[in-house]
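Please read the structure below before turning to the comments.
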Amino acid sequence: LERYKEKIRNEKYSSVTEMIEDIQHLRPSSSKIYNLDELSDAGSDMRETLLPCGSVMLSKRMREISRHDSLLRLMDVPQLLEGATTFPGANHTRYEHSLGTYEMMRRALVTLLRNKYFVTSLSERNVIIALLGALMSSIVVFPYSYAIQEIRLQDQDLFSNMERRMLFSKIVMFKKDGEKSIIDLINEKFFSYDITEDELSYVVFGAGEHTNIALHNLHFLLSSSIGVRTVDYIIRDAHHIGISCEVDTDSLFNNLAVVDGEFCLNQRGISAAEQVIVNRCWMFKRIYWSEPNR
């Protein structure tokens with residue numbers, strides 16, 4: 001409540017309706033967290049989907065979006081390219097990773113909404129954008145796309161039609177005859193939020209032409225070196241390869257803070273961040289960039 005009072009004093013509200021919405025989030029009239037099925041495990045629309053490394057909780061509308069052809073295509077995209085030739089268990093896909101990243105983002109948001117630093121900076125709409133961005137974080141990936149991206153780092157003129165933002169726009173807008181594009185489906189299921197392709201692209205890839213502090217922070221939460229996408233692939237890849245890898249995600253998310261509009265980590269969260277960084281370094285050295293895999 002003190003954070004909301006501070007928000008009023010600093011004239012952060014544009015309307016009384018916004019203020020009422022925030023107060024209702026403090027004490028919701030139902031069992032929903034932040035008035036969203038997606039964050040509420042006990043919601044009537046929530047269903048559990050079993051995956052290695054933990055279950056995924058999906059609302060009815062998120063289940064329908066996750067089954068769109070643009071995402072189901074990722075079932076044919078291996079997570080570790082030729083990794084399964086060296087590590088037979090590493091036959092998981094980008095689709096599994098997308099669902100895992102979504103669940104990791106969902107857990108992070110539930111934790112952050114209990115944190116005084118975030119209760120006034122995470123709007124209902126931005127929570128939905130964060131979840132959708134996590135679900136679509138691999139939507140532009142196809143077999144060997146990372147090899148092409150490495151080539152493009154050397155010469156931007158090569159494979160210019162494979163630039164990731166351009167691909168993202170084409171994929172989310174693409175529709176077969178008589179079917180909806182994934183962005184159309186999103187705005188049908190989340191009609192009250194009017195979510196744009198540019199906002200989702202910002203969360204997935206970072207700043208484009210315009211800077212938006214809220215979306216910048218969501219991009220950090222998704223794709224930074226301690227972001228949910230990174231944490232998920234470290235844990236998931238290690239599991240399928242057959243090695244042990246632990247990350248204290250509760251400590252990591254509980255110790256995030258916002259200072260002057262930027263994500264920071266409290267000192268108590270440093271050991272969890274070190275777990276992520278050390279495990280990631282080990283995986284790159286011994287797995288991702290190992291001689292057989294390269």
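When a residue number appears, it is its place in the shown sequence, counting from 1. Excluded from the calculations below are hydrogen atoms, water molecules and symmetry mates; all remaining heavy atoms, backbone and side chain alike, are included.
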Please tell me if the side chains of His240 and Pro52 come closer than 4.5 Å, counting only heavy atoms from C-beta onward. yes
His97 and His92: side-chain contact (heavy atoms from CB on, under 4.5 Å), yes or no, with the steps? CA-CA 8 Å; His97 173 47; His92 54 308; 5.8 Å; no
Would you indicate whether Gln267, at its atom CD, is surrounded by more than 12 heavy atoms from other residues, nucleotides or ligands within a distance under 6.0 Å? no
Point-to-point distance, once rounded to the nearest 0.5 Å, from CD of Glu199 to CD1 of Ile195: 7.0 Å
Kindly give the heavy-atom pair with the smallest separation between Ala238 and Met283, and that separation in Å. N-CE, 3.7 Å
With side-chain hydrogen bond (donor to acceptor under 3.5 Å, both in side chains) as the test, would you mind laying out the steps for Thr85 and Glu82 before giving the verdict? CA-CA 6 Å; Thr85 60; Glu82 296 296 317; 4.7 Å; no
Glu246 atom CD, over 12 foreign heavy atoms within 6.0 Å: no
Would you please name every residue forming a ring pair (Phe, Tyr, Trp, His ring centres under 6.0 Å) with Phe190, sequence neighbours left out? none
Kindly compute the distance separating CD1 (Ile129) from CG (Leu132), expressed to the nearest 0.5 Å. 8.0 Å
Looking only at heavy atoms, the pair that brings Ala273 and Ile226 closest together is CB-CG2, 4.0 Å
If two hydrophobic side chains count as joined below 4.5 Å and joins carry through other members, does Phe284 share a cluster with Val278? no
All pairs passing salt bridge (Lys or Arg N to Asp or Glu O under 4.0 Å) where residues 232-243 contributes a residue, at least two apart: Glu96-Arg236, Asp232-Arg236
Treat each ILVMFWY residue as a node, draw an edge where side-chain heavy atoms are under 4.5 Å apart, and state whether Tyr233 and Trp289 are in one component. yes
Look only at the side chain of Arg94 and the backbone of Val77, and say whether a donor-acceptor pair between them is shorter than 3.5 Å. no
Step by step, would you call Ile287 with Trp282 a side-chain contact (heavy atoms from CB on, under 4.5 Å)? CA-CA 8 Å; Ile287 308 298; Trp282 191 93; 4.2 Å; yes
When rounded to the nearest 0.5 Å, the distance separating CD1 of Ile183 from CG of Asp198 is 9.5 Å
Given the rule in the side-chain contact (heavy atoms from CB on, under 4.5 Å) test, do Glu103 and Leu135 qualify, once you have shown the distances and angles that lead to the verdict? CA-CA 9 Å; Glu103 178 62 21; Leu135 186 61; over 6 Å; no
Cut-off 3.5 Å, side chains only: do Tyr95 and Arg73 have a donor facing an acceptor? no
Please answer: with hydrophobic residues joined when any side-chain heavy atoms are less than 4.5 Å apart, are Ile33 and Met57 in the same cluster? no
same_hphob_cluster(Ile182, Phe174) at 4.5 Å side-chain heavy-atom cutoff: no
As an exercise, state the distance from CG of Leu252 to CG of Asn254, rounded to the nearest 0.5 Å. 9.5 Å
Give a yes or no on whether a salt bridge exists between Asp69 and Lys175, defined as a side-chain N under 4.0 angstrom from a carboxylate O. no
Do the non-hydrogen side-chain atoms of Tyr146 and Ile151 ever get within less than 4.5 Å of each other? no
If I compare all heavy atoms of Val203 with all of Gly133, which pair ends up nearest, and what's the gap? CG1-CA, 4.2 Å
Asp184-Ser181 side chain donor-acceptor pair, cut-off 3.5 Å: yes
By ring pair (Phe, Tyr, Trp, His ring centres under 6.0 Å), which residues pair with Phe118, not counting sequence neighbours? Phe263
Is it true that a side-chain atom of Ser137 and a backbone atom of Ala134 form a donor plus acceptor pair closer than 3.5 Å? yes
If you take all heavy atoms of Ile241 and Ala90, which pair is closest and at what distance? CG1-CB, 4.2 Å
Nearest 0.5 angstrom please: His219 NE2 to Asn212 CG, how far? 13.0 Å
Carboxylate-amine/guanidinium contact Arg61 Glu38, below 4.0 Å: yes
Could you tell me whether the side chain of Arg152 and the main chain of Phe159 form a donor-acceptor pair under 3.5 Å? yes
Are Lys180 and Glu64 close enough for a salt bridge, meaning some N to O gap below 4.0 Å? no
Just by modelled atom types, is the Leu122 backbone N or O under 3.5 Å from a matching donor or acceptor in the Tyr34 side chain? yes
Between the side chain of Arg229 and the main-chain N/O of Leu222, is any donor-acceptor distance below 3.5 Å? no
According to the salt bridge (Lys or Arg N to Asp or Glu O under 4.0 Å) rule, which pairs have a member within residues 262-278, sequence neighbours left out? none
Indicate the atoms forming the closest heavy-atom contact of Leu74 with Ser98, along with that distance. CD1-OG, 3.5 Å
I'd like to know if Leu265 and Ile213 are part of one continuous hydrophobic network [Ile/Leu/Val/Met/Phe/Trp/Tyr, side-chain heavy atoms within less than 4.5 Å]. no
Using 0.5 Å steps for rounding, measure from the CZ atom of Arg286 to the SG atom of Cys281. 11.5 Å
Partners meeting side-chain contact (heavy atoms from CB on, under 4.5 Å) with Leu167 (sequence neighbours left out): Val140, Phe142, Met162
Would you check if Asp250 and Asp248 make a side-chain contact, meaning some heavy-atom pair closer than 4.5 Å? yes
Side-chain contact test, heavy atoms from C-beta onward, threshold under 4.5 Å: evaluate it for Met62 versus Ser66 and give yes or no. no
Measuring only between side-chain heavy atoms, which start at C-beta, is Leu39 closer than 4.5 Å to Val127? yes
Would Ser225 and Arg280 satisfy side-chain contact (heavy atoms from CB on, under 4.5 Å), going step by step from the backbone distance to the final call? CA-CA 9 Å; Ser225 57; Arg280 189 183 188 202; 3.7 Å; yes
Does a side-chain heavy-atom distance below 4.5 Å link Met104 with Thr101? no
Filter on salt bridge (Lys or Arg N to Asp or Glu O under 4.0 Å), then keep only pairs touching residues 211-220, sequence neighbours left out; what's left? none
Is there side-chain contact between Ile139 and Val204, with at least one heavy-atom pair below 4.5 Å? no
Any donor-acceptor N/O pair, Ser40 side chain to Leu36 backbone, under 3.5 Å: yes
Using only atom types and a distance under 3.5 Å, with no angle test, would you say the side chain of Ser70 pairs donor to acceptor with the backbone of Val172? no
Any side-chain heavy atom of Asn266 sitting closer than 4.5 Å to one from Leu256? no
Smallest separation among heavy atoms of Leu131 and Met105, with atom names: CD2-CG, 4.1 Å
Under a 3.5 Å threshold, yes or no: a donor from one side chain and an acceptor from the other, between Arg107 and Thr249? yes
